[in-house]
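These notes are about the structure you will find just below.
Chain letters run A, B, ... following the sequence lines, proteins first and then strands; every chain starts at 1. On a predicted model such as this, the values are computed, not experimentally measured, just so you know.
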Amino acid sequence: MSFPWAQQYQPSNPLMQWLDERLPFPRLVYNAVGAGYPVPRNLNYFWNFGVLAGAALAVQIITGIVLAMHYTPHVNSAFGSVEHIMRDVNYGWFIRYAHMNGASMFFIVVYLHIFRGLYYGSYKAPREMVWLLGVVIFLLMMATAFMGYVLPWGQMSFWGAQVITGFFSAIPLVGEPLRQWLLGGFVPDNAALNRFLPVHYLRPFVIAGVIILHIWALHIPGSNNPTGISVKTESDTVPFHPYYTAKDAVGLGVFLLVFSSLIFFSPNLLGHPDNYIPANPLSTPAHIVPEWYFLPFYAILKAFTFNFLWIDAKLWGVIAMFGSIALLFFLPWLDRSPVRSTNYRPLYRIFFWVLVADVFLLGVCGMMPAEQPWVLLSQLGAIYYFAHFLVILPIVSRIERPLPMPNSITEAVLAGKGGTGPTSSALATPATA
Amino acid sequence: MASTSETHAGVGEGPRRRDFIHIATVSFAGVGAASVVIPLVSQMAPSADVLALSSSEVDISAIQPGQAIKTTWRKQPVFVRNLTPEEIAAADKVSAADLRDVQTLAERTKPGKENWLITLGVCTHLGCVPLGAAEGEAKGDFGGYFCPCHGSHYDTAGRIRKGPAPTNLVVPPYEFTSDTVVMIG
């Protein structure tokens, strides 16, 4: 599970020795995130985001448990109970704003974490399982965030629930009955709201479980690094504690700074004012959009406005939207290049940055009304997204000639190139020995 | 017979008595576990009180030609629209066979009551309430309803003409109990 030079857990305290012989839990922690886990010495700050995602999940669980003590899952009182939390409960405004913006922070750090994995090829062998479990966590997060957004029972909550459960009705034959079964009614109503609370409350613990599997799978090959070169000798690594606990603490400080400025200075920046209007099943807000973290996928959904190949536009949209995420499961096998780090892949690097730009474009399209030119742009953006993974990536990884790579992490570090961040210039100097 | 099978027990020729017991036990436990799934799955379906709201009565006497009202049936919005002769003519002028969801206005209304278009106010794409029922709302490119969520346009017969929605606005089951009262459901 680790490198042969990993430090051994040797408790000096008699109590810890006694515990270690009976339940070696401290040993597990020591080997997982302590001095017993050797990590490449050249990790840059992009390697902070895994720990930050864990911190964000912890914030969501703690604030969520507290909010559940004051919230009522009933259509007549849900909206009022949220206002009660905001106005009457001691520090309720703080806890709710922390939970609301905590969701956004969680997605920001997870998107950066995914970006890191994509850029440095952390999804490639032997870390495919780490990546697959990560995509599962991402899907669970999206479902959890959606259900949480429904709970305040404002206009956006209601219409979000209507649209998102509407995805299921696109499935031929069983779609509409399935949707009614999920909602417990013909439209989102009390049955739906009431069941969303326990599921929303349960999911973070499921996520925590999958995170344990994610870290377990990571610890078999060990962490990737900015060069993408595998660890060869002890000089390539340093113990996780204190080196990366300290580095992660710096990142945690920055994370909390950004998080606090959102909570205290612009708590509603990332929300929609319409959600402060109680749910009205008879009137759809003029412009409904999901939370920012769903926008690129929403744009792909909206890109299909016509039927083709015997499948109607609605089903195409839903297939494409789910497909855009499901595609990530196949990424380790679509990218055939043995070189992990994009720093050594001059051709792929160009397409990588085009993909990043494309996702941003889709995000903007998702926010805009279903009018031209946004419909056309989201169609082009969606085509490019799929083309990147299904056409460009397999071809590029076949024809590309990678740049010369250092022989080891140590060599790269001593040459001053070990922790190179993502570069956008195709002319970035190759790391030479 | 019994004695023969007992002498062969454990030799591996054909099923043994113990194999039968294993299969019977696992099958019985499996059936038992599967039967518990039925209530656990079924409890999610619409409950009796939700299903009980199955019909609504609407007084349509005050709706002038060109006007529409919103009412509800099974907690879903319903549009009741009194079509003007021009709107009927516009709907009839279209060749129904060219539509995405082939239906004529006559098939979507009751005989002799062709001016009363009663549909669910639920876009068949992802369920938003289309605009066009209330005074001054956008009616889309075809003068009927327009769904602002994802841009579906419906014509004066509530048929899908443009945008992502797969089918026409749903006509719920209804009947006229008198000239001015409609029973939906």
- Note on the structure: Looking only at heavy atoms, the pair that brings B:Pro77 and A:Leu282 closest together is CB-CD2, 3.5 Å

- Whatever's closer than 4.5 Å to a heavy atom in chain B on A:Leu315 counts as neither

- Task: Sort B:Lys75 into side chain, backbone, both or neither according to what part of it lies under 4.5 angstrom from a heavy atom of chain A.
- Result: both

- B:Leu120, B:Val122, B:Leu51 screened by side-chain contact (heavy atoms from CB on, under 4.5 Å) with A:Phe186, the one that passes: B:Leu51

- Determine whether more than 12 heavy atoms belonging to other residues, nucleotides or ligands lie under 6.0 Å from atom CZ of A:Phe329. yes

- Backbone N or O of B:Val129 within a donor-acceptor pair of the A:Thr284 side chain at under 3.5 Å? yes

- Should we say atom CZ of A:Phe205 is surrounded by more than 12 heavy atoms from elsewhere, each under 6.0 Å from it? yes

- Quick one: pull up SG in B:Cys147 and CD1 in A:Ile288 and give me the separation to the nearest 0.5 Å. 7.5 Å

- Rounded to the nearest 0.5 Å, what's the gap from NE2 on B:His125 to CZ on A:Phe167? Could you check? 8.0 Å

- Task: Heavy-atom distances under 4.5 Å only: say whether B:Thr72 touches chain A with side chain, backbone, both or neither.
- Result: side chain

- A:Arg195 to B:Gln43 - nearest heavy-atom pair and separation: NH2-O, 4.1 Å

- Checking A:Tyr298 against chain B: side chain, backbone, both or neither under 4.5 Å from a heavy atom? side chain

- Item | Heavy-atom closest pair, residues A:Gly185 and B:Val50 | CA-CG1, 3.9 Å

- Over all heavy atoms of both residues, which pair between B:Pro46 and A:Gln180 is shortest? Give the atoms and the distance, please. CD-O, 3.7 Å

- Message: Under a 4.5 Å cutoff for heavy-atom pairs, which residue among B:Thr124, B:Val41, B:Leu131 has the most contacts with chain A?
- Response: B:Val41

